[in-house]
2 protein chains.
Amino acid sequence: MANMKKSEVLKIVGQNIKRIRLEKGLTQVDLVGKIEARIDTTNISRIEKGRTNATIHTLFKISQALEVPLSEICDVHFYKSE
Amino acid sequence: MANMKKSEVLKIVGQNIKRIRLEKGLTQVDLVGKIEARIDTTNISRIEKGRTNATIHTLFKISQALEVPLSEICDVHFYKSE
DNA sequence: TCTTGACTTGTCAAATATGGCAAATATGAA
DNA sequence: TTCATATTTGCCATATTTGACAAGTCAAGA
């Protein structure tokens, strides 16, 4: 997909996080409770909604709390130039 | 890996990018030339060296230019809590 | 209705990513 | 060495993420 908009990428990543979180039966509060570093539900919510362009380290912390590889959160399907 | 430091994650992501870029026979200048949005080698260098905690959208743009899935760039092996 | 829990949104300050340019530092070839 | 190319680094200004807290929304029950 040649021109995937920024907002689309962020939305897909956010949906991935939310989907995995729900599959694990976790609330946002549960999730932040599992993260060692400080993060609160404000940011989880913004990331899940695709309103924020999170840094890789923040996503990594989330992936650790969800016990999945970072690459699973970053599974954005359309990467080809055409 | 319980406590992977921020700097380690950034380094691995940066190494992934550099490795893929070299496999494709691209210089940093080639790479930025393939990116539609504005990016210059300053940032590529900083990201490849792990000196900057890039946002997911920046990494996505790089993955598009490299013609690999974002998840390949984000392949950080240690994700388990233990 | 009222309450509770889960999530969203607004605002703020501090930290930092980004883009841009210039200079410094490799690296390799002639 | 000299030259050219590639990469790294420093600095600056701007934009945005992040963390924090408060307030608002929403749904499900009692």
Side-chain angles (χ1 to χ4, degrees), chain A residues 3-68 70 73-74 76, chain B residues 3-68 70 73-74 76:
Chain A
N3 275 321
M4 192 170 207
K5 283 191 306 187
K6 175 175 175 179
S7 58
E8 294 182 73
V9 178
L10 305 190
K11 275 208 178 73
I12 292 175
V13 169
Q15 287 165 358
N16 288 343
I17 293 172
K18 182 169 188 172
R19 175 179 45 73
I20 296 166
R21 175 173 63 78
L22 294 178
E23 281 169 5
K24 305 259 177 181
L26 299 173
T27 66
Q28 291 180 351
V29 174
D30 294 333
L31 181 61
V32 301
K34 296 188 67 182
I35 299 178
E36 285 138 24
R38 232 153 308 295
I39 275 200
D40 74 4
T41 59
T42 303
N43 293 312
I44 300 293
S45 177
R46 287 193 280 231
I47 292 168
E48 285 189 357
K49 301 289 277 186
R51 300 171 68 84
T52 235
N53 180 16
T55 63
I56 196 68
H57 184 240
T58 297
L59 295 181
F60 178 72
K61 287 186 290 187
I62 292 173
S63 76
Q64 284 193 307
L66 290 174
E67 296 173 30
V68 296
L70 174 61
I73 283 177
C74 297
V76 179
Chain B
N3 275 325
M4 192 170 208
K5 282 191 306 186
K6 175 176 175 180
S7 59
E8 293 183 74
V9 178
L10 306 191
K11 273 206 180 72
I12 292 176
V13 169
Q15 287 166 358
N16 288 344
I17 292 172
K18 182 169 187 172
R19 175 179 44 75
I20 297 166
R21 175 173 64 78
L22 295 177
E23 281 169 5
K24 306 259 176 181
L26 299 173
T27 66
Q28 291 181 353
V29 175
D30 295 332
L31 181 61
V32 301
K34 296 188 66 182
I35 299 178
E36 286 138 22
R38 229 153 307 295
I39 273 199
D40 72 4
T41 60
T42 302
N43 293 311
I44 300 292
S45 176
R46 286 192 280 229
I47 292 167
E48 285 189 357
K49 300 290 277 186
R51 301 171 66 86
T52 234
N53 178 16
T55 61
I56 195 67
H57 184 239
T58 298
L59 295 180
F60 179 72
K61 287 186 291 188
I62 293 172
S63 76
Q64 284 193 308
L66 290 174
E67 298 174 30
V68 296
L70 174 61
I73 284 177
C74 297
V76 180

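Letters A, B, ... mirror the listed sequences (proteins, then strands); counts begin at 1.
- Of the inter-residue distances, the one linking A/Ile73 atom CD1 with A/Ile20 atom CD1 reads 5.5 Å to the nearest 0.5 angstrom.
- Across every non-hydrogen atom of B/Val29 and B/Val32, the tightest pair is O-CG2, 3.2 Å.
- A salt bridge is defined here as a Lys NZ or Arg NE, NH1 or NH2 lying under 4.0 Å from an Asp or Glu carboxylate O, and A/Arg21 with A/Glu48 meets this definition.
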Which letters describe nucleotides 17-30 of chain D, given B = protein heavy atom under 4.0 Å from base, S = only from sugar-phosphate, - = neither? SBBBB---------

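- Atom NE2 in B/His57 sits roughly 23 Å away from atom P in C/dT16 (whole-Å rounding).
- At whole-Å resolution of the value, CD in B/Glu48 and P in D/dT8 are 6 Å apart.
- The distance from atom CD1 of B/Ile44 to atom C1' of C/dT18 is 12 Å, rounded to the nearest whole Å.
- Residues from residues 23-32 of chain B that place a heavy atom under 4.0 Å from any atom of DNA chain C: there are none.
- Phosphate proximity of D/dT7 to B/Arg21: present, with a side-chain N or O under 4.0 Å from OP1 or OP2.
- The CD1 atom of A/Ile56 sits 5.0 Å away from atom CG of B/Leu59, with the distance rounded to the nearest 0.5 Å.
- Within the 4.5 Å cutoff, the side chain of A/Lys24 has heavy atoms near those of the A/Val68 side chain.
- Distance check: B/Arg51 CZ to B/Lys11 NZ gives 9.5 Å after rounding to the nearest 0.5 Å.
- The NZ atom of B/Lys49 sits 17 Å away from the P atom of D/dA6 (whole-angstrom rounding).
- Contact record, A/His57 with B/Asn53: N-OD1, 3.1 Å, taken as the closest heavy-atom pair.
- Put simply, CD on B/Gln15 and NZ on B/Lys49 are 9.5 Å apart, with the number rounded to the nearest 0.5 Å.
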